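Have a look at the structure below, then the notes.
Numbers for residues simply follow the sequence, beginning at 1. These numbers were taken from a predicted model, which means no experiment stands behind them.
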Amino acid sequence: EHLPQLHYLDLVTRETLRLYPPIHIGNRQAAHDVALEGGTIPAGRRVMYSIYLSHRDPAHWENPTLFDPERFERQAAAPAFTYLPFGGGPRNCIGATFAQIEAKVVMARLLQRVQLELLPGQKIHAHMGATLEPRPGVRMRVVRG
């Protein structure tokens with residue numbers, strides 16, 4: 001019942017999903033011929049798109065690689081299909097709302113009880129497998145708060 005009051009946690013969640021969407025690519029079938037950059041994508045052709053790159057496109061995001069939760073308060077709503085951590089359109093992820101609520105509940109409870117400290121000297125890279133995941137992982141120190 002307190003989730004609507006956790007405004008900043010919502011901004012952090014949205015920004016985290018912008019920089020590290022769970023699924024980094026998507027695909028759709030062109031419903032009709034599409035003229036694009038001097039070429040044509042014929043109707044019925046499968047089209048791959050990068051959610052990861054769309055979320056980092058400087059044409060739509062100011063300082064796109066910077067972790068900046070407040071951007072969602074400052075910037076006008078992102079143009080359609082430039083923010084789609086769970087896909088977009090009628091075939092977006094059916095569990096998107098549940099996943100975001102679950103993430104906020106877990107983070108709120110963790111932040112009430114512990115402090116998380118990133119261990120020094122780590123090199124963490126986003127690995128693009130079936131999902132986007134940190135490699136080799138994220139080692140942290142957990143301190144009761």
Side-chain donor-acceptor pairs of residues 30-47 under 3.5 Å, sequence neighbours excluded:
| residue | atom | partner | partner atom | Å |
| --- | --- | --- | --- | --- |
| D33 | OD1 | A43 | N | 2.7 |
| R46 | NH1 | N27 | OD1 | 2.7 |

D57: salt bridge (charged side-chain N to carboxylate O under 4.0 Å, His left out) partners, not counting sequence neighbours: none
Polar side-chain atom of Y83 near backbone of R14 as donor-acceptor pair, under 3.5 Å: yes
No-hydrogen, no-angle side-chain donor-acceptor test under 3.5 Å, Y8 and E70: yes
Check: L19 and P64 side chains under 4.5 Å, non-hydrogen atoms: no
Set of side chain to side chain contact (heavy atoms under 4.5 Å, CB included) partners for Q122, sequence neighbours left out: L118, L119, I124, R139
Main-chain N/O of G129 paired with H24 side-chain donor or acceptor, under 3.5 Å: yes
Derivation of the side chain to side chain contact (heavy atoms under 4.5 Å, CB included) call for I101 and L3: CA-CA 8 Å; I101 290 170; L3 280 181; 3.7 Å; yes
Residue pair E62, D68: steps toward the side chain to side chain contact (heavy atoms under 4.5 Å, CB included) verdict: CA-CA 10 Å; E62 179 182 321; D68 179 13; 5.9 Å; no
Listed once per pair and sorted, the salt bridge (Lys or Arg N to Asp or Glu O under 4.0 Å) pairs that draw on residues 106-132, sequence neighbours left out: E117-R141
Pairs flagged by salt bridge (Lys or Arg N to Asp or Glu O under 4.0 Å) wherever residues 15-25 is involved - sequence neighbours left out: E15-R18, E15-R71
Any pair counted as salt bridge (Lys or Arg N to Asp or Glu O under 4.0 Å), so long as it reaches residues 94-106, sequence neighbours left out: D10-K104
Donor-acceptor contact present, side-chain H60 to main-chain H55, <3.5 Å: no
Pairwise side-chain contact, L132 with I23, heavy-atom cut-off 4.5 Å (strictly under): no
Within 45° cone and under 6.0 Å: R56 NZ/CZ vs F67 ring: no
Close side-chain approach of P69 and V12, heavy atoms under 4.5 Å: yes
Reported CZ-to-CZ distance for the pair R91 and R28, which is rounded to 0.5 angstrom: 5.5 Å
